[in-house]
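Down below is the structure, laid out as structure tokens.
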Amino acid sequence: MHPPTLFTKQTFKPLLQVCSSCPNQLKQIHAIVLSTGLSIKNSLITQLLTCFTILGDMPYARQLFDEMHKPRTFLWNTLIKGYVKNELPCEAASVYRQMHSLGISPDPFTYPFVVKACSGLGETWEGEAIHGHVVKYGLEFVAMVRTELMIMYVKFGELGLADFLFESMVERDLVAWNALIAACVQMGYAGKALSLFRQIGVDGIQPDAVSVVSALSGCGQLGCLEIGEEIYRLARKEGIDCNIIVENAHLDMYVKCGSVEMARDLFEIIPCRNVVSWSTMIAGYAMNGESEKALALFSRMQSEGLKPNYVTYLGVLSACSHSGLVSQGRAYFNRMAHSGDKNIQPRKEHYACMVDLLGRSGHLDEAFNFIKSMPMEPDSGVWGALLGACVIHQNLELAQHVADNLFEVAPAIASYHVLLSNVYATAGRWDCVDKVRLRMRKKGIKKITAYSSVESDGEIHVFFGGDRSHPQSASIYDKLEELLKQMKCIGYIPKTGYVLHDVEMEDKEVTLSTHSEKLGIVFGLINVKPEYPIRVMKNLRVCEDCHTFSKFISKITGRNIIMRDKKRFHHFRNGVCSCKDFW
DNA sequence: GTAGGGTTAG
């Protein structure tokens with residue numbers, strides 16, 4: 001029997017269509033063709049290459065690429081795109097460098113992905129070099145290239161350069177607006193993102209669902225409920241398609257503003273809830289300390305036939321962690337590990353969650369052994385969780401050991417140095433505290449300045465510790481003094497000793513009584529209508545004294561205070577906090 | 001023949 005005389009595009013096309021989602025079958029086809037000893041046309045390898053990049057088997061795609069005779073620019077582009085889509089920016093950049101050194105001319109389609117690879121790499125010099133190439137080839141005004149360059153500079157924190165590229169864009173279309181807004185939100189510049197969102201109209205362009213998603217996400221980040229509501233209402237009025245992604249962003253905005261009830265009501269009426277909606281709601285309950293509801297929702301999700309993913313499990317474990325449900329946490333973790341489903345095998349984040357749960361509940365040894373049992377290298381999140389637990393339980397010896405490991409994987413994260421310093425401080429080891437501070441200064445590690453923000457009448461008011469820049473400062477400080485007096489009469493004692501948790505080391509002149517969250521709360525008391533809760537958002541963890549202060553305030557004023565810190569929500573009502581003082 | 005923007009977690 002003779003083999004087919006020649007494999008052509010026509011032979012392959014139907015085969016590839018049938019097998020395009022199955023890597024093994026594709027590989028078999030490739031092997032059969034090779035075994036005939038006939039030469040394979042580049043166009044056929046091209047089709048295979050595209051299939052494998054989509055399927056995510058980049059090693060095989062690379063092998064195919066290397067077999068090709070003089071691949072043309074289009075194929076280099078395909079390979080680069082494959083690496084970027086499979087989150088391998090390093091490989092993508094290296095392919096581009098190879099292409100460049102071989103003198104292959106790039107085309108307008110080359111750069112969007114090369115630039116995206118640079119954003120992912122985070123190497124500023126490399127990004128700037130690529131920008132140079134773009135200019136050299138005269139491609140800087142190609143809209144897609146420019147848009148990607150703009151995103152890259154936002155990711156590098158070079159907002160000025162991003163602005164310049166945006167302002168001087170020839171065809172500044174909706175995608176360019178959306179790209180810039182989304183990049184700003186993702187990098188934590190939500191205020192800038194919202195101000196851009198408001199300006200979209202100046203180009204005579206209407207925002208679409210993508211713009212609204214980013215804007216809502218920005219509102220969640222800032223904790224501005226009123227602005228978020230207004231944006232959603234307008235989107236509806238303007239007839240913008242409020243698809244499931246918009247609704248999920250809407251839901252997330254409620255969650256991040258601490259409005260669990262509003263989130264729940266919305267969740268119940270979202271038409272086509274998907275795994276993101278369920279995960280958001282579960283995590284929302286978890287963050288707000290309603291662990292029973294989170295776990296009940298998780299059961300309901302499964303009984304409705306929806307498959308949880310690894311993010312869903314993060315919500316479940318964090319629910320356990322925020323409420324100290326140790327045995328349940330262990331059970332959920334084991335369920336993941338033994339599920340046989342590779343999509344929900346525990347990742348580093350799940351280990352970090354478990355370490356947090358075990359450690360804060362006082363099982364420090366178990367937490368430490370748990371880390372040792374990890375099948376992958378623990379990252380700073382995992383070690384950081386244990387260090388946090390060491391601070392709470394004042395285990396100096398373990399803390400030092402943990403810190404050694406932690407600083408090896410993450411030497412420059414300020415909050416971890418602060419945590420270690422707090423362990424020493426609590427133990428009265430001021431010599432060691434000084435050493436930590438000295439090390440931070442030597443390495444140029446700057447502590448993050450704490451601030452709190454409060455929304456009032458659609459505006460965000462930001463307060464730093466000891467801040468007197470707010471126009472209402474005088475009345476805020478007067479009211480604060482008056483309240484402190486009242487509180488002391490009913491038993492409030494300022495905790496002037498060293499604070500626990502990863503709270504910033506305040507400058508010496510910033511006294512405890514003027515921490516940013518206290519100023520925020522008092523501002524809220526003066527400005528927020530009595531029927532509404534006061535929502536305070538803090539960029540770091542709330543300190544112990546401010547936590548106590550808030551409980552007293554909620555008691556003496558009868559106001560509800562919702563405080564979001566770096567990790568969770570605290571709902572203060574009538575002298576009690578929803579976290580039950582376990583945080 | 002190929003192309004830029006969106007939601008959960010961290």
*So what does A:Q186 hit on the nucleic acid, given a heavy-atom distance under 4.0 Å: a base, only sugar-phosphate, or nothing?*
sugar-phosphate

*Measure the OG-NE2 distance between A:S277 and A:H250 for me, rounded to the nearest 0.5 Å.*
12.5 Å

*Give the rounded distance in Å between these two atoms: CG of A:L306 and P of B:dT8.*
18 Å

*Looking only at side-chain atoms of A:R72, point me to the closest of B:dT7, B:dG1, B:dT2.*
B:dG1

*DNA chain B contacts among residues 225-232 of chain A, heavy-atom distance under 4.0 Å*: none

_Spacing between A:Q221 atom CD and B:dA9 atom C1', to the nearest angstrom_ = 14 Å

*Taking atom P of B:dG4 as reference, at what distance in whole Å does atom NZ of A:K155 sit?*
14 Å

*Answer yes if the ring centres of A:F197 and A:W177 are under 6.0 angstrom apart, and no otherwise.*
no

*Taking the six-membered ring for Trp, is the centroid-to-centroid distance between A:F109 and A:F74 below 6.0 Å?*
no

*Among the candidates B:dA9, B:dG6, B:dG4, find the nucleotide nearest to the side-chain atoms of A:K256.*
B:dA9

*asked:* So, OP1 or OP2 of B:dG1: does either fall under 4.0 Å of a side-chain N or O from A:Q47?
replied: no

*asked:* If you only use heavy atoms from C-beta on, which nucleotide in B:dG6, B:dG1, B:dA9 is closest to the side chain of A:L314?
replied: B:dA9

*Rounded to the nearest 0.5 Å, how far apart are OH of A:Y310 and NE2 of A:H350?*
8.0 Å

*Going by modelled atom types, is there a donor-acceptor pair between the base of B:dG4 and the side chain of A:D173 at under 3.5 Å?*
yes

*Base, sugar-phosphate, or nothing for A:I245, non-hydrogen atoms under 4.0 angstrom?*
base

*Would one find a side-chain N or O of A:K567 under 4.0 angstrom from OP1 or OP2 of B:dA9?*
no

*Could you check which of B:dA9, B:dG6, B:dT2 has an atom nearest any side-chain atom of A:D252?*
B:dA9

*Please work out if A:L216 contacts a base, only the sugar-phosphate, or nothing of the nucleic acid, heavy-atom cut-off 4.0 Å.*
nothing

*Could you state the atom-to-atom distance from CD of A:E148 to P of B:dG4 in whole Å?*
7 Å

*Given B:dA3, is OP1 or OP2 found less than 4.0 Å from the side-chain N or O atoms of A:K81?*
yes

*So, do A:F298 and A:W278 have ring centers that fall under 6.0 Å from each other?*
no

*Looking only at heavy atoms, which two atoms of A:Y153 and A:A162 are closest? And how far apart?*
CB-N, 4.0 Å

*Rounded distance (Å) that lies between atom C1' of B:dA9 and atom CZ of A:F298*: 14 Å

*Write down the distance between OH (A:Y351) and P (B:dG10), rounded to a whole number of angstrom.*
17 Å

*Would you indicate what A:T280 reaches in the nucleic acid, counting non-hydrogen atoms under 4.0 angstrom: base, sugar-phosphate, or nothing?*
sugar-phosphate

*Decide if the gap between the ring center of A:Y83 and the ring center of A:F113 is smaller than 6.0 angstrom.*
no

*A:A283, nearest nucleotide to its side chain (from B:dG1, B:dG4, B:dA9)*: B:dA9

*Mind checking side chain to side chain donor-acceptor pair (under 3.5 Å) for A:E91 and listing every partner two or more places apart, or none if nothing turns up?*
none

*Let me know the distance between CD1 of A:I151 and C1' of B:dG6, rounded to the nearest Å.*
11 Å

*B:dG4 P sits how many Å from A:L165 CG, rounded?*
18 Å

*Any idea which of B:dG6, B:dT2, B:dG10 is nearest the A:E349 side chain?*
B:dG10

*Assign A:A143 to base, sugar-phosphate, or nothing according to its heavy-atom contacts below 4.0 angstrom with the strands shown.*
base

*Contact class for A:F113 (heavy atom, under 4.0 Å): base, sugar-phosphate, or nothing?*
sugar-phosphate

*According to the side chain to side chain donor-acceptor pair (under 3.5 Å) rule, which pairs have a member within residues 133-144 of chain A, sequence neighbours left out?*
A:Y96-A:H133

*Across the strands shown, which category fits A:V246 at heavy-atom distances under 4.0 angstrom: base, sugar-phosphate, nothing?*
base

_Can you tell me which nucleotide in B:dT2, B:dG4, B:dT8 comes closest to the side chain of A:V311?_
B:dT8

*Classify the nucleic acid contact of A:A209 as base, sugar-phosphate or nothing, counting any heavy atom under 4.0 Å across all strands shown.*
base

*Would you classify A:N243 as touching base, sugar-phosphate or nothing, given that sugar-phosphate means primed atoms plus P, OP1 and OP2, and contacts are heavy atoms under 4.0 Å?*
base

